[in-house]
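Both backbone and side-chain heavy atoms feed into the values below; hydrogens, waters and symmetry mates do not.
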Amino acid sequence: MNSVIPISIWSRGLINCFLIKGTHKHILVDTGVPNSEKKILKQLVQHKVNKEDIGLIIITHAHIDHFGSASCLKDILKVPILTHEFDKEAYLNGRADIATMKLNRPQWWLFRQIIKNQSTKPFTPEILLKDEQVYDLSQWGVQGKVIHTPGHTPGSISIILDHGEAIIMDMMASGILLGGVWLHSRVKHPPFHDNLIALKRSFDRVLSLKGTMYYLGHGGPVNRSQVIKYYDKYLKDI
């Protein structure tokens, strides 16, 4: 069975990346803030994973805390990067699209002001999903797929594994502040979403696939009942 290994960028779940172990190659999901490459490589060593055994990088969406070190890790690992076409411009210019970062609560305004001018080294994705295209991960020895789950950003994607685990990153969060720290069972919005109606549809799709454990970019992991609790609290009546 393919296992999901958390890779910590900021401790206690504040910012997470993940490694999916495959029977042929492994997959790195997201790359953290800029200059996270050494921290990620160190944790791969701690998990007894050789960097030569990484076959693919997946970037789930175009916010700097998720693609900040993508270009550097692409050069180090010498592997392709998979993204969705709707977030492509951010990757090509190394900046998140602030227009899609709509506040979920007014108090996140200052946080957006702090990060709106952040930039990183740009990159060009080798594998670009289009529209509702589904990407099969079996060539990497991973039994699962990548699907388009817009709402947080137009090009947000999620990884759904056949055995019931899923990586949905910033579709939701848990804990306090940015996520994590404590109260991991407390479901919440992340600071931003682009389109809550699109997000609701994406949750409908994810929940229809009958997952049991969901890994998040901030906080988590959460089980199916916690995801449904989030859906009922924030999205059901939209």
Side-chain angles (χ1 to χ4, degrees), residues 7 9-10 14-18 27-37 39-40 54 56-77 79-104 108-135 146-159 167-173 178-179 189-199 201-202 205-206 215-218:
I7 303 292
I9 301 301
W10 288 1
L14 282 171
I15 299 179
N16 302 314
C17 299
F18 297 97
I27 298 172
L28 179 64
V29 180
D30 285 349
T31 62
V33 297
N35 302 311
S36 296
E37 58 272 11
K39 184 176 291 187
I40 291 171
I54 305 295
L56 177 69
I57 297 171
I58 296 174
I59 300 298
T60 61
H61 64 280
H63 288 163
I64 291 288
D65 56 328
H66 293 265
F67 78 93
S69 299
S71 181
C72 290
L73 282 164
K74 174 183 174 180
D75 292 342
I76 292 169
L77 299 175
V79 298
I81 296 180
L82 181 151
T83 71
H84 195 279
E85 65 172 349
F86 290 164
D87 281 356
K88 179 181 177 181
E89 289 305 313
Y91 305 133
L92 295 179
N93 61 39
R95 291 179 180 272
D97 182 0
I98 298 298
T100 70
M101 298 172 71
K102 299 178 178 70
L103 300 177
N104 281 320
W108 288 111
W109 175 85
L110 180 59
F111 182 59
R112 186 172 64 182
Q113 293 300 109
I114 293 172
I115 67 174
K116 72 176 185 178
N117 292 320
Q118 289 183 340
S119 63
T120 190
K121 187 178 178 182
F123 68 92
T124 301
E126 285 79 12
I127 305 171
L128 202 61
L129 301 192
K130 298 182 181 299
D131 297 319
E132 297 304 310
Q133 179 184 355
V134 175
Y135 187 85
V146 182
I147 64 172
H148 185 211
T149 50
H152 186 62
T153 68
S156 289
I157 54 180
S158 297
I159 299 93
I167 300 174
I168 62 172
M169 281 303 186
D170 288 10
M171 288 179 66
M172 61 178 286
L178 187 62
H189 274 323
F192 316 110
H193 279 315
D194 174 52
N195 186 316
L196 290 176
I197 294 174
L199 183 71
R201 294 189 187 116
S202 293
R205 186 179 186 190
V206 166
Y215 294 90
L216 310 178
H218 309 286

| request: For the residue pair I159 and T60, establish whether any side-chain heavy-atom pair is separated by less than 4.5 Å. | output: yes
| said: Using side-chain heavy atoms (C-beta onward) and a distance below 4.5 Å, is I9 in contact with I40? | reply: yes
| Non-hydrogen atoms of R95 and I64 that approach each other most closely | CA-CD1, 4.4 Å
| Between the main-chain N or O of H148 and the side-chain N or O of R205, is there a donor-acceptor pair closer than 3.5 Å? | yes
| query | Any side-chain heavy atom of I167 within less than 4.5 Å of one from I58? | reply | no
| query | Within the distance-only criterion (no hydrogens, no angle test), does the side chain of D30 pair as donor or acceptor with the backbone N or O of G32 below 3.5 angstrom? | reply | no
| task | Check whether any side-chain heavy atom of F18 lies under 4.5 Å from a side-chain heavy atom of M169, and answer yes or no. | result | yes
| So, for F123 and S71, which heavy atoms are closest and what is the spacing to 0.1 Å? | CB-CB, 4.1 Å
| field | L216 side, atom CG; I15 side, atom CD1 - distance, nearest 0.5 Å | value | 13.5 Å
| Check: H152 side chain, F192 main-chain N or O, donor-acceptor pair, under 3.5 Å | yes
| said: For the OG1 atom of T149 and the CD1 atom of I157, what is their distance to the nearest 0.5 Å? | reply: 7.5 Å
| query | Is there a donor-acceptor pair closer than 3.5 Å between any side-chain N or O of N104 and the backbone N or O of H189? | reply | no
| For the atom pair CG (N195) and NE2 (H193), what is the distance rounded to the nearest 0.5 Å? | 10.5 Å
| task | Can you measure from NZ (K121) to CZ (F67) and round to the nearest 0.5 angstrom? | result | 13.5 Å
| field | Pairwise side-chain contact, Y215 with I168, heavy-atom cut-off 4.5 Å (strictly under) | value | no
| message | For T153, run the side chain to side chain donor-acceptor pair (under 3.5 Å) check against T100, D87, D97 and tell me which one passes. | response | D87
| task | Grab the two heavy atoms, one from P122 and one from G94, that are nearest each other, plus how far apart they are. | result | CB-N, 3.8 Å
| With a cut-off of 6.0 Å (strictly less than), are more than 12 heavy atoms of other residues, nucleotides or ligands near CH2 of W108? | yes
| query | How about P80 and L56: do any of their side-chain heavy atoms sit closer than 4.5 Å? | reply | yes
| task | Quick one: pull up CD1 in I57 and CD1 in I127 and give me the separation to the nearest 0.5 Å. | result | 10.5 Å
| field | Pair L128-T83, side chain to side chain contact (heavy atoms under 4.5 Å, CB included): steps then yes or no | value | CA-CA 5 Å; L128 202 61; T83 71; 3.2 Å; yes
| task | Report yes if some heavy atom in the side chain of D170 is under 4.5 Å from a heavy atom in the side chain of H66; otherwise report no. | result | yes
| said: Heavy-atom count check: over 12 atoms from other residues, nucleotides or ligands less than 6.0 Å from L92 CG? | reply: yes
| said: Do F86 and P150 have side chains that approach each other closer than 4.5 Å (heavy atoms only, starting at C-beta)? | reply: no
| note | So CD of Q133 and CD of E85: to nearest 0.5 Å the spacing works out to 8.5 Å
| message | Donor-acceptor check, side chain of S69 to backbone of N35, threshold 3.5 angstrom: yes or no? | response | yes
| task | Could you pull out the closest heavy-atom pair between L14 and H218, with the gap in Å? | result | O-ND1, 2.5 Å
| note | Scanning both residues in full, the closest heavy-atom pair of A62 with A96 reads O-CB, 3.3 Å
| request: May I ask you to decide if D131's main-chain N or O and H84's side chain share a donor-acceptor pair within less than 3.5 Å? | output: yes
| said: Counting only heavy atoms from other residues, nucleotides and ligands, does the tally under 6.0 Å from CZ of R201 exceed 12? | reply: no
